[in-house]
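Beneath this line is the structure, given in structure tokens, with notes to follow.
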Amino acid sequence: MKIIIKNSAADASAAVTDMLLQQIGKKPDSVLGLPTGATPLAVYARLRDEFRNGRGCYKDITTFNLDEYLGLSAEDPASYSFYMRENLFRHVDFDLGRAHIPHGLAADADAEANRYEALIAAYGGIDFMLLGLGRNAHIGFNEPGSLHNSRTRRVALTASTLEANAAYFPPGAKQPSHAITMGIGTILESREIVVLAAGAEKAEAVAASVKGPGTEFVPGSALGRHPNTTIVLDTAAAQHLERAQTLEFDA
Ligand code: GLP
């Protein structure tokens, strides 16, 4: 695992934005895996800015989002479909027909998960997977206890994740307790994985993921098994790592 530490969250986001732009520049029909949450917001904002300045072409890009809440329609402002449209897709020359996100209102969530998994395979897998990291080291919505060879499936969210994400729901709105997430095994089949984590509240999850040992109780620790993973951090998120563990240290 390659580790890059930047002085600030903004610099870490800029580095990840450059990696994404390089990917779509070298392979204009890339299949991207994309996360939601607070962490990638600055990356998506930079991609929008770069696009306005003529950098980045999304016409032939296909995307697969990591996860979606069960029970929310794609029009619900708390859904990840809505998030992706508002934060990235509608601002660039992207064909929404190539945007794949699990259907939150699927009548049969297991069938929907299987459909999604098969669709990723039909596209030949994911070239470049961008991940955030939950405070409990979850990736996608693979909570602690998820098998490292798990596939796309319906999952129950932990109390810690529900609490962390409560802010995205307006007062009085019912917060979904379940989601469909790409599995860890599905994620690990991506050809390249880039993880972005920033802030002190991620430091323990980062250390547990990077230092190992690989355990199902730390979903992020599965990434150590992947041959082409880079984790991009700010100094706060990296505070429990020893300098010797990093290959690039800008701080
Ligand atoms: C959310 C998402 C994950 C995301 C993580 C971190 O629950 N399902 O894909 O990476 O938690 O979120 P944040 O970036 O808001 O800290």
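Ligands are counted one by one from 1 in listed order, and the atoms in each one are counted from 1 as well.
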*So is there a nitrogen or oxygen of P35 less than 3.5 Å from a nitrogen or oxygen in ligand 1?*
no

_ligand 1 N/O within reach of N165 N/O, cut-off under 3.5 Å_ = yes

Using a heavy-atom cut-off of under 4.0 Å, does the side chain or the backbone of [X] touch ligand 1, or both, or neither?
X: D67; result: side chain
X: R135; result: neither
X: Y80; result: side chain

*State, without any angle test, whether T62 and H100 hold a side-chain donor-acceptor pair at a distance under 3.5 Å.*
no

*Check whether the side chains of R153 and S146 place a donor and an acceptor atom closer than 3.5 Å, and report yes or no.*
yes

For [X], counting its heavy atoms only, list the atoms of ligand 1 lying under 4.0 Å from any of them.
X: Y168; answer: 15 (O)
X: L133; answer: 6 (C), 10 (O)
X: G132; answer: 10 (O)
X: F141; answer: 7 (O), 8 (N)

For [atom], the protein heavy atom that lies nearest, with its residue and separation:
atom: atom 4 (C) of ligand 1; result: T36 O, 4.0 Å
atom: atom 15 (O) of ligand 1; result: A38 N, 2.7 Å
atom: atom 12 (O) of ligand 1; result: G37 CA, 4.1 Å
atom: atom 14 (O) of ligand 1; result: T39 OG1, 2.4 Å

*asked:* For atom 2 (C) of ligand 1, which of the options G140, A205, G134, A197 provides the nearest non-hydrogen atom?
replied: G140

Out of curiosity, is [X] lining ligand 1, as in a heavy atom under 4.0 Å away?
X: L157; result: no
X: K202; result: yes
X: H138; result: yes

*Passes side chain to side chain donor-acceptor pair (under 3.5 Å), Y58 versus D95? Steps please.*
CA-CA 8 Å; Y58 299 81; D95 173 2; over 6 Å; no

_Polar side-chain atom of D127 near backbone of V31 as donor-acceptor pair, under 3.5 Å_ = yes

_Given 3.5 Å as the limit, does a donor-acceptor pair link the side chain of K202 with the main chain of L196, or not?_
no

*Hey, what do you get for NZ (K2) to CD1 (I193), rounding to the nearest 0.5 Å?*
15.0 Å

*asked:* Rounded at 0.5 Å granularity, tell me how far CD1 in I187 sits from NE2 in H148.
replied: 10.5 Å

*Do Y168 and Y83 make the cut of ring centroids closer than 6.0 angstrom?*
no

*For the rings on F82 and F89, is their centre-to-centre separation under 6.0 Å?*
no

*asked:* Check R46 with D49, please: is the shortest side-chain N to carboxylate O separation under 4.0 Å?
replied: no

*Does the side-chain contact (heavy atoms from CB on, under 4.5 Å) test come out yes or no for V195 and T230, once each step is laid out?*
CA-CA 6 Å; V195 186; T230 304; over 6 Å; no

